[in-house]
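Taking it in order: structure first as structure tokens, then the write-up.
Below, chain A is the first sequence line, B the second, and so on; all start at residue 1. Note that the structure is predicted; figures quoted are calculated from it, not measured. Side-chain atoms are counted along with the backbone in the values below, which use heavy atoms only and exclude waters and symmetry mates.
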Number of protein chains: 2
Amino acid sequence: MSVSLADLRGRDPQIFTDGCPTRTVLDHVMGKWGILVLLALSDGTQRWGVLRRNVAGISEKMLASTLKTLEADGLVRRTAYPEVPPRVEYALSPLGRDLMQRVLPLMEWVADHAADIVDRSA
Amino acid sequence: MSVSLADLRGRDPQIFTDGCPTRTVLDHVMGKWGILVLLALSDGTQRWGVLRRNVAGISEKMLASTLKTLEADGLVRRTAYPEVPPRVEYALSPLGRDLMQRVLPLMEWVADHAADIVDRSA
DNA sequence: CGGGATCCTGCACGATACTG
DNA sequence: CAGTATCGTGCAGGATCCCG
């Protein structure tokens with residue numbers, strides 16, 4: 001049932017080594033803001049302003065650049081409506097939803113154990 | 001079956017907000033090297049030197065500091081043998097193994113989709 | 001409202017050398 | 001062998017202003 005690094009390396013020896021695409025994806029998704037944005041979006045389509053409030057502490061610049069990389073990665077879909085004032089909505093793409101299906105259980109675990117972990121290291 | 005951020009916020013409204021312990025854990029685990037070290041260790045107990053080779057591209061400094069935070073977080077266990085030359089072994093703690101059970105499926109997904117994602121954004 | 005452009009700063013991270 | 005100590009630096013990320 002469980003997968004190991006050795007298993008993954010069995011399929012592709014270069015996996016998770018330096019310069020490997022997996023590293024790039026990891027950097028995008030696991031960066032400081034990537035997951036938090038994806039996590040917010042897993043609640044459903046959201047406008048820029050709402051997203052900004054839901055990802056507490058993010059700056060406009062980082063929200064913009066994070067969304068751009070995630071969109072380029074095909075994990076997030078951006079929809080702009082030709083209105084005044086402008087309205088732009090962000091949503092997970094099918095690929096993004098697929099990813100979050102793997103991430104959410106992890107987040108749940110983190111939510112459950114974070115306090116313990118931080119206490120220990122204090 | 002699926003969990004959402006709203007669900008998690010239902011248990012604790014502060015979850016994943018700024019300054020929340022979850023953010024700290026995320027920074028430790030999801031940082032550039034955290035996961036990669038944990039991933040390598042999920043193959044089993046390893047000595048420092050082996051670990052350094054398995055986590056391709058990591059510097060000694062980063063390996064040392066990453067291991068120290070992960071050990072302080074209670075995710076990694078360090079065992080030093082009073083020998084000459086010194087021998088030190090690192091292993092996942094039970095907590096760390098529990099965590100990796102959630103992380104490995106994610107890594108498998110990333111391994112499977114990384115190429116697509118990077119191609120798209122190129 | 002939803003960003004882009006610009007400037008600035010810290011610290012995450014790397015390289016090198018040294019040690020018990 | 002398994003680290004620490006020291007020194008540099010690039011770039012992630014914050015603050016601010018502006019624009020369609």
Does this structure show an ion pair linking [X] with [Y], if we count only N-O contacts that are shorter than 4.0 Å?
{"X": "A/D27", "Y": "B/K32", "answer": "no"}
{"X": "B/D7", "Y": "B/R11", "answer": "no"}
{"X": "A/R9", "Y": "B/D43", "answer": "no"}
{"X": "B/R77", "Y": "B/E71", "answer": "no"}

Could you go through the salt bridge (Lys or Arg N to Asp or Glu O under 4.0 Å) check for B/R23 and B/D18 one step at a time? CA-CA 7 Å; B/R23 286 280 181 96; B/D18 212 2; 3.4 Å; yes

What distance do [X] atom [atom1] and [Y] atom [atom2] have between them, rounded to the nearest 0.5 Å?
{"X": "A/D112", "Y": "A/I117", "atom1": "CG", "atom2": "CD1", "result": "10.5 Å"}
{"X": "B/M107", "Y": "A/L8", "atom1": "CE", "atom2": "CG", "result": "8.5 Å"}
{"X": "B/L67", "Y": "B/R52", "atom1": "CG", "atom2": "CZ", "result": "11.5 Å"}

Side chain of A/D12, backbone of A/Q14: donor and acceptor closer than 3.5 Å?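 Yes.
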
Tabulate atom names and distances for all N/O pairs under 3.5 angstrom spanning the protein and nucleotides 9-16 of chain D.
from: D/dG13; atom 1: N7; to: A/K61; atom 2: NZ; distance (Å): 3.1
from: D/dG13; atom 1: O6; to: A/K61; atom 2: NZ; distance (Å): 3.2
from: D/dG14; atom 1: OP2; to: A/S59; atom 2: OG; distance (Å): 3.3
from: D/dG14; atom 1: O6; to: A/K61; atom 2: NZ; distance (Å): 2.4

Go through DNA chain C in 5' to 3' direction and return only the first and the last nucleotide with some atom under 4.0 Å of chain A's heavy atoms.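 Range of nucleotides within reach of chain A: C/dC1 to C/dC7.
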
Using a cut-off of 4.0 Å on non-hydrogen atoms, how would the nucleic acid contact of B/Y81 be classed: base, sugar-phosphate, or nothing?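 Counting heavy atoms under 4.0 Å across all strands, no contact is made by B/Y81.
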
Selection: residues 37-48 of chain B, any non-hydrogen atom under 4.0 Å of DNA chain D: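 Hits under 4.0 Å, by residue number: B/R47, B/W48.
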
Indicate the atoms forming the closest heavy-atom contact of A/Q46 with A/L41, along with that distance.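 Minimum heavy-atom separation between A/Q46 and A/L41: NE2-CA, 3.9 Å.
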
